[in-house]
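Report on the following structure.
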Amino acid sequence: MYPDAHCELDFTTPLELLVATILSAQCTDRRVNKVTPVLFARYRSAADYASANQEELENIIRSTGFYRTKARNIIALGQRLCDEHGGEVPDRLEDLVKLPGVGRKTANVVLGNAFGVPGLTVDTHFGRLVRRFGMTRQTDPVKVEQEIAALFPPEEWTMLSHRLIWHGRRVCHARRPACGACELQHLCPSYGEGPVDEETARRLVRTGPFS
DNA sequence: ATCCCGAGGG
DNA sequence: CCCTCTGGAT
């Protein structure tokens, strides 16, 4: 079944989780966890990141991909945390998403796992899964969040997000969902139908047949 | 070769 | 809406 943890990243402080989550964009948590021990030993505070040498930081995080963008963002992030938040990671969504390199996905991961603030993390997997499962027909992530939030108690939101994302990554793929390997096949209205959600279908028309 | 547990920008 | 940024896993 699914891992019980809400988060597979290794961290001990909100700042560590925030940085690790930024690194995890388009990259597996396993790879992130390989660089964070070195990273966190070298940079221990927002001020450390603010004064980091761009090239040195790039070299440490290179293997996580998009390293130039990420290094720039993390340095700017350190500066902003020092300038506007007393060197601390803010615990409100509105503040988090204003930070460089931090979008809804990253902000919600930090809120849920570092601060215990309930929130749904609607990424591409989450949206696709709840659509296939017939729980909503919305494509706009904000509307998806609203509709799904109404179906579950807040204390389950962080765990729910993690599980759906995890399942989408490993089983319920966009193109060729592994319906045969899915524990939920007998409950799923889209079982065996292939890429049924509109977004994916539209992409397939553009990029060619999926089989 | 192809895809990725995102974000920023045109 | 579309594109770009990157290395690594498969």
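By convention in this document, chain letters (A, B, ...) are assigned in the order of the sequence lines, proteins followed by strands, and residues within each chain are numbered from 1.
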According to a 4.5 Å side-chain heavy-atom criterion applied to Ile, Leu, Val, Met, Phe, Trp and Tyr, with indirect links allowed, do A:L57 and A:L99 form part of one hydrophobic cluster?
yes
Residues 140-150 of chain A, side-chain donor-acceptor partners within the protein, below 3.5 Å, at least two apart:
unit_1: A:D140; atom_1: OD1; unit_2: A:V142; atom_2: N; d: 3.3
unit_1: A:E145; atom_1: OE1; unit_2: A:R104; atom_2: NH2; d: 2.6
unit_1: A:E147; atom_1: OE1; unit_2: A:T136; atom_2: OG1; d: 2.7
unit_1: A:E147; atom_1: OE2; unit_2: A:Q138; atom_2: NE2; d: 3.1

What nucleotide, of C:dT6, C:dA9, B:dG6, holds the atom closest to the side chain of A:R31?
C:dA9
Per A:S63 side chain, nearest of listed nucleotides B:dC4, C:dG8, C:dC5:
C:dG8
Specify the residues of residues 45-62 of chain A, ordered by number, for which at least one heavy atom lies under 4.0 angstrom from an atom of DNA chain C.
A:R62
Round to a whole Å and report the spacing from CG of A:N108 to C1' of B:dA7.
14 Å
Nearest-Å distance, CD1 (A:I74) to C1' (C:dT6)?
14 Å
So what does A:T21 touch, heavy atoms closer than 4.0 Å: a base, only the sugar-phosphate, or nothing?
nothing
In whole angstroms, the gap separating P of B:dA7 from CD1 of A:I22 amounts to 9 Å
Test side-chain contact (heavy atoms from CB on, under 4.5 Å) applied to A:L39 and A:T64, A:V32, A:V19, the passing residue:
A:V19
Across all chains, not counting sequence neighbours, the ring-ring contact (aromatic ring centres under 6.0 Å, His included) partners of A:F126 are none
Check for me, please, whether A:L164 and A:V171 land in the same ILVMFWY cluster - side-chain distances under 4.5 Å, paths through other members count.
no
Tell me which donor-acceptor pairs under 3.5 Å the side chains of residues 73-81 of chain A have, and how far apart each pair is, sequence neighbours excluded?
unit_1: A:Q79; atom_1: NE2; unit_2: A:A50; atom_2: O; d: 3.4
unit_1: A:R80; atom_1: NE; unit_2: A:E84; atom_2: OE2; d: 3.3
unit_1: A:R80; atom_1: NH2; unit_2: A:K98; atom_2: O; d: 2.9

Answer yes if A:Y191 and A:L184 sit in the same cluster of Ile, Leu, Val, Met, Phe, Trp and Tyr residues linked by side chain heavy atoms under 4.5 Å apart, and no otherwise.
no
Nucleotide B:dC4, atom C1' - distance to CZ of A:R175 in whole Å:
10 Å
Separation of C:dA9 P from A:N33 CG (nearest whole Å)
14 Å
Report the distance from atom OH of A:Y67 to atom CD of A:Q54, rounding to the nearest 0.5 Å.
10.0 Å
Salt bridge (Lys or Arg N to Asp or Glu O under 4.0 Å) pairs, two or more places apart, involving residues 27-43 of chain A:
A:R42-A:E56
Atom NE2 of A:H173 and atom C1' of B:dT2: how far apart are they, to the nearest Å?
13 Å
Pull out every protein N or O sitting under 3.5 Å from an N or O of nucleotides 8-10 of chain B, one pair per line with the distance.
unit_1: B:dG8; atom_1: OP1; unit_2: A:G101; atom_2: N; d: 2.9

At under 4.0 Å, does any side-chain N or O of A:R104 touch on OP1 or OP2 of B:dA7?
no
Please give, in whole Å, the distance from B:dG6 P to A:F66 CZ?
9 Å
Closest to the A:Y67 side chain: C:dG7, B:dA7, B:dC4?
C:dG7
Could you give the CZ-to-C1' distance, from A:R176 to C:dT10, as a whole number of Å?
16 Å
Closer than 4.0 Å, any side-chain N/O of A:T106 to the OP1 or OP2 of B:dA7?
yes
